[in-house]
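Worksheet: the structure to be examined is printed underneath.
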Amino acid sequence: MVAPKTDKYIPQKIETKWQKRWKEDELYRSVIDHDKPKHYALTMLPYPSGDLHMGHWYAMAPSDARARYMRMKGYNVLFPMGFDAFGLPAENAAIKRGIHPHKWTISNIENMRRQLRSMGAMFDWEREAISCLPGYYRWTQWFFLKLYEMGLAYRKKAAVDFCPKCNTTLAREQVWGEDRHCERCGTPVIKKELEQWFFKITDYAEEQLDFSQIDWPERVVTMQTNWIGKSVGTNVVFRSQQGDPIEVFTTRPDTLWGATFMVLAPEHPLVNKLTRPERREAVETYKRQAARQTEIERLAADKEKTGVFTGAYAVNPVNEERIPIWIADYVMMTYGTGAIMAVPAHDERDFAFARRYDLPIPVVIEPPDWDGEPLAEPYTGPGPMINSGPFTGTPGDKAVERVTEWLEERGIGEHAVNYRMRDWCISRQRYWGVPIPIVYCDKCGAVPVPYEDLPVLLPEDAEFLPTGESPLKNHDDFLHTTCPRCGGPAIRETDTMDTFVCSSWYHYAYLSPYYKEGETAHSDSMPFDPEEAKHWLPVDVYTGGIEHATMHLIYTRFFTKAMRDMGLVDFDEPMLTLRNQGIILGEDGEKMSKSRGNVISPDELVESYGADTVRAYLMFGWRWELGGAWDSQGIEGIPRFLNRVWSCVLEEPEDGTQKAEAAQDEVRALRREVHQSIKKATEDMEDFAFNTYIANMMELNNALLKAKETPLYGTPAWEEGVETLLLLLAPACPHIAEELWARTGRPYSIHQQSWPEWDEEIASEETFTLVVQVDGRLRDRLEVPVDIEEDEAKELALASDGAKRHTEGKDAVRLIYVPGRLVNIVTG
RNA sequence: GCCGGAGUGGCGGAACAGGCAAACGCGCACGACUCAAAAUCGUGUGAGGGCGACCUCGUGUGGGUUCGACUCCCACCUCCGGCACCA
């Protein structure tokens, strides 16, 4: 007899149907529920470039599955989505194609919103935040004013990194690679002396080194730690012969007696004053060269040390020795004090320099096994001090400490800490960004726009010029204003903010995107609904790419710490747990790109396979944190699996109704399998182990298909199995799970059901495979009861065929027994 | 150069408080169904040897610890990522 055929699994038919229903029913609104524990799941918001690509799906689909899992676990879950909508591409589109950035951005958002919906994710769209809308950026400006008040936003003239293609300055974090190129367009940056706005992230450098409150990947912690680049040392004051103090920073005060020259950065303010007339020409030439060199592409190929002598001398404060002062471009004005004491014997760079310019290289730290000969290479390790006046003989482990104390006592040095991290340059000479709320008045100088006047609106009717200059400069209505302080004529700041400012607080914006506490903001306004904040914050789980490790993730930590100091929040870290997904490459193993023609489009995949398949494949195909090359053959396994689930749940078995009674031990075996699956699925979800989570469901489905051919079909144990399978599947494949849930007469919606719980008793095994080893090698396997006694296990092992074969003629010297696992017979 | 991460079948990957290596899937081979193909289902699939029961080898390389090592320790190699004249 032929089983009645149910209709086929056609994902396209059921997916849009359920998406519509879920939307109508507001199934995914996240409303405060004080009866449940809260869970704020956040995934990095996209830039509205126009299309959702595989990278977005790879980041978001598994994150969505996990948020759904947490919801089923009984948490009150917030899982919002928005758009990081300011930025250069919009402006470039405007210049190239004459579309206004606003229009371009909004139409892209509409398309991407549609694409995001097709994923079937549980985003709460009522909370959508779009950073380029005045309702959002008013608060970005409000934060700027707050930071300004706190002294954390300041303006200064500095040599900043400038991208000649994007025509704007960049933050230090946005300059990448050895050739120092622009993070966006790849053009090597140049240095420009400009008045720019900075956020004083260095104020929190020390605190940002503390990761004790957060569970972040080791990789990110290391990258941030390196980026912040703390080094502990001593500031020591040398004096020029004319008496000018020259402060240097050193991590090795114990080498002070080996300083045989000083080096200043070419831009050091004292260079001019110190330079002797006969050396002036050489110094000026070198300075010009160095200045140009930072502008030219710095191909780091040869890092040969160069420099010139200023003609001036300094006095080493520890031994009154007269040492020459040089300038060299290997000393940076931007680190430490811009001047160093050079100890050639114990520093690589100083050594190379001294060799080149024939400067003395006295040894003051004794290298191990040193023969007293001049050094062939610098010794940079620790060691006992020698040739160091009163300190000669000080052991290496005490040297730094003792010298520092001594310097402090005599007032010539003090303990100092330096960080590699610089303040965050947030000024951008571009149109499509948040206007910096500052006005310049001839009389009053830089004056902040009053809170009540926010937002400073970005004018819509700007004229785009192909020069790349910000149209704000030529927009008279915007430019000319009155000074809020004296009422006189004034002009507005025309720079806009780095978009990373917008994204530094977007997870707060989601709390209340239409929050309008007084259409006019003021100093003590709250940028978000305090009640929502109290409930949801901080973010519990944050998912996204590693590429933000030293940009967004540094900035957003800074913001939260500053917000804490403003009294807005009462915690120190914005996101408690962070997980990074890897990158999905093209099938050729290369980065997906239009020019390579290896782009896999999620839209097309959804069309041919359905969203559930794409979601499940992205979870199953790779270790999430690693990613890898797309495999268009590999994905085929998923529709096969889902089809088997479909027929497993809906179709009658081939041979009709079962007549025989199911045996008790078969029932137990099936239930055991089911409960073990629940356990595994739960653990995998907790661990972000999405690939094994899917594999586990495949195993469960395979077990059910097998059981279906036995009298187990239709029993309560069978029903429990089917129900479990659907519930476990719901986070990964929400549509098919919902459809099968409904078709089997279960109450809408599966997404409002509880995550199943496993019974340890039912999940436990009655027997296990006892491995029999002889001298550590597998020789036999025995199926034995779990509660087997040690003696019995050993006896059985010794009596096994495999053991007998390999112990013949030998003595069993020792028996190793590992309960629940094995017996190892050790022979002589 | 410094700092991270990773090396397991043809492929993606499982397993690691030290205890059955390769779960799950892709691919491949054979078989069933079909006039045929696709789809589907079944069986097999690390390498070598043996008719076979079985045996030997096998988790980047070389050592070590251990009754026992993919897992721990030491030394290296390769790949990926980050930083890089930071005093």
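Not measured: the values here are computed from a predicted model. Labels below follow one simple rule: chain letters A, B, ... track the order of the sequence lines, proteins then strands, and each chain is numbered from 1.
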Any strand: nucleotide that pairs with [N] via Watson-Crick or wobble, under 3.5 Å:
{"N": "B/rA36", "result": "none"}
{"N": "B/rA69", "result": "none"}
{"N": "B/rA23", "result": "none"}
{"N": "B/rC85", "result": "none"}
{"N": "B/rC57", "result": "B/rG46"}
{"N": "B/rC16", "result": "none"}
{"N": "B/rG62", "result": "B/rC74"}

Item to check | Aromatic ring pairing A/Y357/A/W326, orientation class (parallel under 30°, perpendicular over 60°, tilted between) | outcome: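 Rings of A/Y357 and A/W326: tilted, 30 to 60°.
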Using the [atom1] atom in both, what is the distance from [N] to [M], to the nearest Å?
{"N": "B/rG27", "M": "B/rU34", "atom1": "C1'", "result": "24 Å"}
{"N": "B/rA15", "M": "B/rG68", "atom1": "P", "result": "26 Å"}
{"N": "B/rG58", "M": "B/rU43", "atom1": "P", "result": "32 Å"}
{"N": "B/rA69", "M": "B/rG63", "atom1": "P", "result": "14 Å"}
{"N": "B/rA47", "M": "B/rA22", "atom1": "P", "result": "14 Å"}
{"N": "B/rC72", "M": "B/rU65", "atom1": "C1'", "result": "8 Å"}
{"N": "B/rG18", "M": "B/rC73", "atom1": "C1'", "result": "13 Å"}
{"N": "B/rA23", "M": "B/rC80", "atom1": "C1'", "result": "27 Å"}

Item to check | Residue whose nearest RNA chain B nucleotide is more 5′ - A/L822 or A/E173 | outcome: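 The answer here is A/L822.
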Next on the checklist: Quick check on RNA chain B: between A/F249 and A/E636, whose nearest nucleotide comes earlier from the 5' end?
Outcome noted: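 Result: A/E636.
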In whole angstrom, give the distance that lies between atom [atom1] of [X] and atom [atom2] of [N].
{"X": "A/R420", "N": "B/rC2", "atom1": "CZ", "atom2": "P", "value": "14 Å"}
{"X": "A/R777", "N": "B/rA21", "atom1": "CZ", "atom2": "P", "value": "11 Å"}
{"X": "A/N824", "N": "B/rC67", "atom1": "CG", "atom2": "P", "value": "10 Å"}
{"X": "A/W176", "N": "B/rG81", "atom1": "CH2", "atom2": "C1'", "value": "11 Å"}
{"X": "A/R805", "N": "B/rU56", "atom1": "CZ", "atom2": "P", "value": "10 Å"}
{"X": "A/D347", "N": "B/rC85", "atom1": "CG", "atom2": "C1'", "value": "9 Å"}
{"X": "A/E699", "N": "B/rA15", "atom1": "CD", "atom2": "C1'", "value": "12 Å"}
{"X": "A/I546", "N": "B/rA6", "atom1": "CD1", "atom2": "P", "value": "13 Å"}

Touch class at under 4.0 angstrom, heavy-atom based, for [X] against every strand present:
{"X": "A/G627", "value": "sugar-phosphate"}
{"X": "A/N691", "value": "sugar-phosphate"}
{"X": "A/R219", "value": "sugar-phosphate"}
{"X": "A/F620", "value": "base"}
{"X": "A/Q633", "value": "sugar-phosphate"}
{"X": "A/V343", "value": "nothing"}
{"X": "A/G634", "value": "sugar-phosphate"}
{"X": "A/H346", "value": "nothing"}
{"X": "A/T769", "value": "base"}

Item to check | Atom pair OG (A/S800) and CG (A/L770), whose distance is rounded to the nearest 0.5 Å | outcome: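 Between A/S800 OG and A/L770 CG, I get 8.5 Å after rounding to 0.5 Å.
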Item to check | Cation-pi geometry met for A/K305 and A/F353 (6.0 Å, 45°) | outcome: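 That pair does not qualify as a cation-pi contact.
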Checklist entry - Cation-pi between A/R557 and A/W216: NZ/CZ under 6.0 Å from ring centre and within 45° of the ring axis? => result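 Yes, cation above the ring, under 6.0 Å and within 45°.
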Checklist entry - Ring centres of A/W646 and A/F641 under 6.0 Å apart? => result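 Not under 6.0 Å, so no.
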Hey, is [X] close enough to [Y] for a salt bridge, meaning N to O under 4.0 Å?
{"X": "A/K230", "Y": "A/E206", "value": "yes"}
{"X": "A/D215", "Y": "A/R579", "value": "yes"}
{"X": "A/R349", "Y": "A/D347", "value": "yes"}
{"X": "A/E766", "Y": "A/R672", "value": "yes"}

Proximity to the side chain of [X] - top-ranked nucleotide from [options]:
{"X": "A/L778", "options": "B/rC85, B/rA21, B/rA14", "value": "B/rA21"}
{"X": "A/W622", "options": "B/rG12, B/rA87, B/rG19", "value": "B/rG12"}
{"X": "A/R422", "options": "B/rC85, B/rC86, B/rA23", "value": "B/rC86"}
{"X": "A/M698", "options": "B/rC24, B/rG13, B/rC67", "value": "B/rC24"}
{"X": "A/R779", "options": "B/rC57, B/rG19, B/rC55", "value": "B/rC55"}
{"X": "A/N226", "options": "B/rA15, B/rA87, B/rC3", "value": "B/rC3"}
{"X": "A/M332", "options": "B/rG4, B/rA87, B/rA14", "value": "B/rA87"}
{"X": "A/T692", "options": "B/rC86, B/rA23, B/rG7", "value": "B/rA23"}
{"X": "A/R640", "options": "B/rU40, B/rC86, B/rA21", "value": "B/rU40"}
{"X": "A/E218", "options": "B/rC20, B/rG5, B/rG19", "value": "B/rG5"}

Next on the checklist: Check this one for me: any side-chain N or O of A/S231 less than 4.0 Å away from OP1 or OP2 of B/rA87?
Outcome noted: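 So the side chain of A/S231 is within the cut-off, an N or O lying under 4.0 Å from OP1 or OP2 of B/rA87.
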Item to check | B/rG25 phosphate, OP1 or OP2, under 4.0 Å from A/N702 side-chain N/O | outcome: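 Yes, within the criterion.
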Checklist entry - Among A/L256, A/V236, A/V403, whose side-chain contact (heavy atoms from CB on, under 4.5 Å) with A/V318 holds? => result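 Filter result, single survivor: A/L256.
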Checklist entry - Pick one for B/rG9: is it syn, with its angle within 90° of 0, or anti? => result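 What B/rG9 shows is a syn base, its glycosidic angle lying within 90° of 0.
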Checklist entry - With a 3.5 Å cut-off and just heavy-atom distances, do the side chain of A/R814 and the base of B/rC67 make a donor-acceptor pair? => result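 Not at all, since no donor on one side and acceptor on the other fall under 3.5 Å apart.
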